[in-house]
Amino acid sequence: MVVIITGASDGIGAELARQWAQREGSKLSLVLAARSRDKLEAVAAECEALGARTLVQWCDVEDQTACQALVHAALGAFGSIDVLVNNAGMSAHALFDEVKDLAWYQRLMQINLWGPAWITQAALPAIKASRGRIVAVSSLAGLLGIPGRTAYSATKFAMTGFFEALRTEVASHGVSVTIAYPGVVDTQIRYRGFNARGEASGHSSMDERGAMSVQTCARLILNGTLARERDIVMTTKGKLGRWLKLLAPSLVDRLALQALKREQRPQ
Ligand SMILES: NC(=O)c1ccc[n+]([C@@H]2O[C@H](COP(=O)([O-])OP(=O)(O)OC[C@H]3O[C@@H](n4cnc5c(N)ncnc54)[C@H](OP(=O)(O)O)[C@@H]3O)[C@@H](O)[C@H]2O)c1
């Protein structure tokens with residue numbers, strides 16, 4: 001099985017690679033993509049120790065050429081693609097009326113939507129040939145508009161819409177599309193995310209104590225992908241919120257606003 005994971009240098013993507021290698025061992029060929037080559041090499045070494053073959057590929061998902069090169073490198077090394085996991089992503093936290101320049105909103109859309117779109121376009125012929133799987137790591141913020149996250153929610157709603165539509169288009173080719181919706185997971189994503197000025201925030205404005213472990217999140221994604229599940233909605237709050245939004249949308253708005261008030265003010 002040949003699996004491409006973007007954002008494999010850290011967090012959910014790195015843990016997914018390790019768990020996949022643990023489960024499939026020598027039956028697995030992993031293509032690990034991100035920008036931090038040293039971190040990718042370290043993840044690759046762990047996966048190889050578990051028996052997997054690996055290819056480390058530098059890829060900035062903001063760059064269309066690099067996205068296409070990732071797919072070409074995977075095919076060059078392993079000859080086919082069974083699974084593409086579009087996991088690389090960035091977060092952001094800012095109140096919209098405190099943002100002066102929206103240029104970083106466009107960058108976030110490039111990272112969270114356009115990168116996955118470019119890679120998926122390049123990989124689709126190979127995934128159709130293998131009757132494979134496409135995975136999109138969205139977010140609960142791609143199901144519910146979260147105050148303080150206009151940019152992030154917009155990119156994840158876009159991702160959700162793109163991959164839901166694609167799912168129906170490719171189903172007759174035997175290709176499944178699984179969309180994962182994690183809640184708050186214990187990674188560095190909020191520390192790296194954009195603040196109102198479009199800089200790395202350097203801190204999390206959330207109470208991180210209730211965060212899901214990265215191991216649990218990766219396990220849910222791996223199981224859901226192998227089972228070709230449509231959606232992996234994580235946390236009870238996420239599952240309830242999805243239905244509550246249909247039944248009592250203004251209640252969901254109030255709960256979201258209360259959560260925003262509990263957070264440290266975005267800076
Ligand atoms: N953690 C959460 O609470 C949470 C919740 C919901 C959804 N998610 C989603 O889960 C995915 C993974 O998040 P995470 O929590 O694991 O974040 P993370 O620990 O910050 O890891 C992000 C990964 O994406 C890569 N990446 C970031 N920008 C990139 C770019 N321009 N080009 C290529 N790779 C890039 C990073 O690698 P390099 O820096 O080396 O490039 C890293 O490997 C994201 O799509 C995120 O939106 C996370």
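Only a predicted model underlies this, so the values are computations on that prediction, with no experimental measurement involved. Start at 1 and go down the list; that is how both ligands and their atoms are numbered. Numbers for residues simply follow the sequence, beginning at 1.
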>> Tell me which pairs pass ring-ring contact (aromatic ring centres under 6.0 Å, His included) where either residue lies in residues 166-198, with sequence neighbours left out.
In response: W104-F194
>> Just to be sure I understand the cut-off, which residues have at least one non-hydrogen atom under 4.0 angstrom from an atom of ligand 1?
In response: G7, A8, S9, D10, G11, I12, A34, R35, S36, C59, D60, V61, N87, A88, G89, V137, S138, S139, Y152, K156, P182, G183, V184, V185, T187, I189, R190, R192
> Can you name the residues that form a salt bridge (Lys or Arg N to Asp or Glu O under 4.0 Å) with R192, not counting sequence neighbours?
Replying inline: D10
> Taking atom CG of L84 and atom CD1 of I5, what is their separation to the nearest 0.5 Å?
Replying inline: 10.0 Å
>> Can you tell me how far apart NE2 (H93) and CZ (R190) are? Round to the nearest 0.5 Å.
In response: 10.5 Å
> Linking Ile, Leu, Val, Met, Phe, Trp and Tyr through side-chain heavy atoms less than 4.5 Å apart, which residues share a cluster with W58?
Replying inline: none
>> Please evaluate residues T216 and R219 with respect to the criterion side-chain contact (heavy atoms from CB on, under 4.5 Å), reporting the C-alpha separation (whole Å), side-chain torsions for both, the decisive distance (0.1 Å), and the verdict.
In response: CA-CA 5 Å; T216 301; R219 181 172 44 77; 3.6 Å; yes
